[in-house]
Amino acid sequence: MDLSSKYEPQAFEKEIYKNWESKGYFHGVDKSDKPQFSIVLPPPNITGALHMGHALVLTIQDTIVRRKRMQGYNTVWFPGTDHAGIATQMVVERELMKEGKSRHDLGREKFVEKVWEVRERHHGIITNQTKKMGASLDWERERFTLDEKFSKAVNTVFIKLYEKGLIYRGERLISWCSRCSTALSDLEVEQNPGKGKLYYIKYFVSGTKEFVTVATTRPETLLGDTAVAVNPKDKRFKHLHGKKVIIPFVEREVPIILDEYVDMEFGTGCLKITPGHDFNDYEIGKKHNLEMITVIDKQGKMNDAAVRFKGLSTKEAREKILVELENNGALEKIEDYATTVSKCSRCETVIEPLLSHQWFIKMDGMAKRAIDAVKKEKIKFYPRGWWEETYYRWLENIRDWCISRQLWWGHRIPVWYCDSCNQYVVSEHNPDKPCKCGGKAYHQDSDVLDTWFSAAMWPFVSPGWPEKTQALKTFYPNALMETGFDIIFFWVARMIMFGLEFMDDIPFKDVLYHAMIRDETGQKMSKTRGNVIDPLVITDKYGVDTLRFTLASMAGRARDIKLSENSIEGYSHFMNKIWQASNFALSNAEGYNKDCDISKLKYPLNKWIISRLNSVTDTINKKFDAYELNDVSESLYKFFWHEYCDWYIEFSKPLVNDEASAGETKYVLLYVHREFLKLMHPIAPFVTERLFQENPIKDHETIMLDKYPESNKKLINKELETDFDTVQELVSNIRHIKSIYGINAKNDVVVVSAKYSKLINDFTGPILKLATLKTLKVEKDAKTIDLTGCIRAVLPDVEIYMPAKEFIEFDKEIQRLNKKLEVVSKDLIITKSKLDNAGFLAKAGDDVIEKEKGKLAEFSKLDLELRSAIKTLETFIK
RNA sequence: GGGAGGUUAGCUCAGCUGGAAGAGCAUCUGCCUUACAAGCAGAGGGCCGCAGGUUCGAGCCCUGCACUUCCCACCA
């Protein structure tokens, strides 16, 4: 045996992964008789290194995948990376900025080349880290959202949607980020509370001295005003219906229009309308056929229409305009006002609503099917009942999806414009037919598609779509989608919509959502806060399995996982415990009985641990099937540490040293060790493989392809398990007495029990060892015992007498027993009152009543025995 | 404004369809007992957010309220 004395994961992790990979263990086959289990890895962005969130994803998915593979499924976990349009372009632009350049200095082609270089670099880093985490991905099937086949699939989807009339081009008011210089979808805009001001501005009614006051947060947009609106029911303004007002100092005349939208209670009840720069005003503008004036350009500066403010930023323009208003006596007052500020979710630049030509997808039809799929439980969400409402609500109120982005990095939109007449043709390639106008030259749309457009296609493109591959047939729909709840709209909903649209089938059967990783105080981890826990630092220090086990044990958390290095360190102790216990089991292997039959064991101790193993295996499998990895971890932890180590190993020592029992016990030690490793393997793959290889009764060349344990009900013996509880109680009670009296030496104990005398005799050896006793006598009644110097303890059907004349203090002892009696009496009263209650007897279930009766008997006996013990002690005092 | 969570030991959290309040960490005490001091043994610590209700019985179900986190939403 060549195990180091300490758990040193760095010594074996890398090599083990390499071995698995080279042997092709991760690969699932396209055609197989086995049931399939398929899942796609949410493709990481190629923008940087992996963080704790990725570590969580890899842990959860790998754990689920490994168990399925061990259970005999034809398992494929599809790897890939995402080109992440805006995010990646930003990273590269930042790099350029350091050299004092912009992407325009390079030009589109050179810039894209540079992004590819960055992609190659990051792809290597990401892949290495993913492998380090132990992820058993089917690397032969790796994809990238911009690879050639993927691009073809994207074009196919675009064209099909266009042909169905679901994609259209139009001029709309969209959210524009001037820093990224692109349109954004609603989801890419974040609303933050912000401090603003409400400016009250006078608009004079044409040809009169009368004025109305409007309240606005953005006075600079008055340059683009094309109306002032009031509520038709508002009596204050009745006399102004049909009149016109003049925009201060701009001197443009605009109509007063009537619209129910205006809230009479808010502000002045009088609203300026700027259809070119405000979403509400845009809707009103359309309704009333108002002119739409754009006064802000794509760089966020005032444009030609803003005449003498041209070239100023919106902020500068606002200041100048306020001065002008002041000079004209048009500024009535300024109030502080809490507003919401819309920002680009990538770069936090304030969003400007701008009119522009963009591509959109009509969503309502697809959304209806997607709602239906979840409502009819074709797709199930886990944890159940958590995210369905959120999902429905978004889809029910869905708006058309703006899919064009004015970026250079991404899927170029497959649309071609005639150079001469600008008519467009939707086509993957440059059209070879001349345009209707006779023009022969075309240029491609310069925009690219939203990253999530291609991401939505992962489940069917990974296995080969649009080709009709065998892999597609076998692995679609996926068995599971596992992802963060934060991208439920961005990704999950859209995959469901696209899957139903193009495959006419759901993309996956189950969706498992995990929480967000935060620091120990609940704050989001970020570089600027400096509270990031780097998975690489952690795995170097504690090992991959430690991190995986920590994350798995926290995977059940609702929305936040508060991670601290402290908790990780705690679980590293568990890994060490496994290592140390293995050392014991393996170093005691010599002489184990090779022919031992686990169903025909002789010794109760061995029967007990096999029973427990099977009970726990049953629990673990159930928890696994419900995706409750935290419960799986907990069961593994408790069983191994607090049953196998604390009791079985300790109890086995005398048996191992006795020739008669050694063969069987050594075998059981190894057997439970081996089966535990298998149960544990999905979560902690490396240490389990390492130790499995050392186990002389290993039954496969690798643990990862061995069979995942199933519970054998015939080997579960509930009676024995409860009996063993009594033995444990006995030991604990003796330890307790010795501890409070400070008795360290080995001493003598007499136990009186009619019911358990045989049981206790069976376990005498181990009890002597664990309770540090010299002798243990078992009697059937107490008459033979000299009680004068005995410390006593009582448990159901067992009385414990510890002769300890030199230690016993009668007062203290009486006090101790009285405290116990108090607790028992209270329980007794509660149980009695239940059974005396006619309502309880009439309405409670039979099993419950039986249980209560059992409790009553137990408590009564304990109560009596404690009272008698106290009485005896009291006679000694007198 | 709408929606979804959370509130249980000092901390982080379990408590399944109602049937004697749990774990880990931390704390305190004693132990180097030949797998493990990254360990072993023992102990202390809870108006289960508040107020009502349903029930024989509520941490769990119902109704309010408070505090808190997160989504979604066009009130100038």
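Convention: sequence-line order gives letters A, B, ...; per-chain numbering from 1.
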Give a yes or no on whether [X] atom [atom1] has more than 12 heavy-atom contacts from other residues, nucleotides or ligands under 6.0 Å away.
X: A:Glu396; atom1: CD; answer: yes
X: A:Gln815; atom1: CD; answer: no
X: A:Lys653; atom1: NZ; answer: yes

Closest approach to the side chain of [X], judged atom by atom: which nucleotide of [options] is it?
X: A:Arg735; options: B:G39, B:A41, B:A35; value: B:A41
X: A:Asn280; options: B:G39, B:A76, B:C74; value: B:C74
X: A:Glu634; options: B:G19, B:A14, B:C74; value: B:A14
X: A:Asp646; options: B:A41, B:C71, B:A35; value: B:A41
X: A:Glu389; options: B:G3, B:A41, B:A76; value: B:G3
X: A:Glu852; options: B:C40, B:G19, B:A76; value: B:G19
X: A:Tyr261; options: B:G39, B:G19, B:A76; value: B:A76
X: A:Arg518; options: B:G3, B:C70, B:G19; value: B:C70

NA contact type, [X], heavy-atom cut-off 4.0 Å: base, sugar-phosphate, or nothing?
X: A:Leu271; value: base
X: A:Cys645; value: base
X: A:Tyr282; value: nothing
X: A:Lys653; value: base
X: A:Thr772; value: nothing
X: A:Lys6; value: base
X: A:Phe266; value: base
X: A:Asp486; value: nothing
X: A:His673; value: nothing
X: A:Arg399; value: sugar-phosphate
X: A:Val262; value: base
X: A:Phe489; value: sugar-phosphate

Can you measure [X] atom [atom1] to [N] atom [atom2] for me and round it to whole angstrom units?
X: A:Lys834; N: B:A58; atom1: NZ; atom2: P; value: 10 Å
X: A:Leu770; N: B:A35; atom1: CG; atom2: P; value: 13 Å
X: A:Tyr571; N: B:G24; atom1: OH; atom2: C1'; value: 6 Å
X: A:Glu265; N: B:C75; atom1: CD; atom2: C1'; value: 12 Å
X: A:Asn630; N: B:G15; atom1: CG; atom2: C1'; value: 12 Å
X: A:Asp560; N: B:G5; atom1: CG; atom2: P; value: 15 Å
X: A:Ile351; N: B:A73; atom1: CD1; atom2: P; value: 13 Å
X: A:Asn397; N: B:C74; atom1: CG; atom2: P; value: 10 Å

Searching all strands shown, indicate the nucleotide that pairs with [N] (Watson-Crick or G-U wobble; both distances under 3.5 Å).
N: B:C32; value: none
N: B:C25; value: B:G10
N: B:G64; value: B:C50
N: B:G1; value: B:C72

- Message: Rounding to an integer number of angstrom, what distance separates B:G49 and B:G6 when you compare their C1' atoms?
- Response: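 11 Å, rounded to whole Å.
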
- Message: Measuring only the P atom in each nucleotide, how far is B:U7 from B:U17? A whole number of Å is fine.
- Response: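 The same atom, P, in both gives a distance of 15 Å.
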
If the cut-off is 4.0 Å, is [X] near the phosphate of [N], judged by side-chain N/O to OP1 or OP2?
X: A:Tyr637; N: B:G24; result: no
X: A:Ser732; N: B:G42; result: yes
X: A:Trp641; N: B:C40; result: yes
X: A:His573; N: B:C36; result: no
X: A:His642; N: B:G24; result: yes
X: A:Lys769; N: B:A41; result: no

- Message: Side chains of A:Ser572 and A:Glu569 only: does a donor on one sit below 3.5 Å from an acceptor on the other?
- Response: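 Judged by distance alone, the side chains do not pair up.
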
- Task: Compute whether any side-chain donor of one residue and acceptor of the other, for A:Tyr571 and A:Ser553, lie under 3.5 angstrom apart.
- Result: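 Side chains of A:Tyr571 and A:Ser553: pair found under 3.5 Å.
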
- Query: Nearest nucleotide by nearest heavy atom, which residue falls closer to the 5' end of RNA chain B, A:Asn576 or A:Ile740?
  - Reply: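 Closest to the 5' end, via its nearest nucleotide, is A:Asn576.
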
- Item | Closest-nucleotide 5' rank along RNA chain B - winner of A:Ser739 and A:Gly839 |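 Per heavy-atom nearest nucleotide, the more 5' residue is A:Ser739.
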
- Query: In this structure, which one of A:Lys812, A:Glu813, A:His736 forms a side-chain hydrogen bond (donor to acceptor under 3.5 Å, both in side chains) with A:Tyr741?
  - Reply: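 With A:Tyr741 as partner, side-chain hydrogen bond (donor to acceptor under 3.5 Å, both in side chains) holds for just one option, A:Glu813.
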
- Query: Under 30°, 30 to 60°, or over 60°: which ring-plane class applies to A:Tyr637 and A:Phe574, parallel, tilted or perpendicular?
  - Reply: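 Taking A:Phe574 first and then A:Tyr637, their aromatic rings sit tilted (interplane angle of 30° to 60°).
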
- Task: Using the side chain to side chain donor-acceptor pair (under 3.5 Å) rule, take A:Lys832 and A:Ser860 through it: C-alpha gap first, then chi angles, then the decisive distance, then the call.
- Result: CA-CA 10 Å; A:Lys832 251 187 188 158; A:Ser860 308; over 6 Å; no

- Give a yes or no on whether a donor-acceptor pair under 3.5 Å exists between the nucleobase atoms of B:A35, that is its base, and the side chain of A:Glu650.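 Result: at least one qualifying N/O pair found.
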
- Does A:Tyr382 have A:Arg384 sitting over its ring (NZ/CZ under 6.0 Å from centre, angle to axis within 45°)?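 So A:Arg384 does make the cation-pi contact.
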
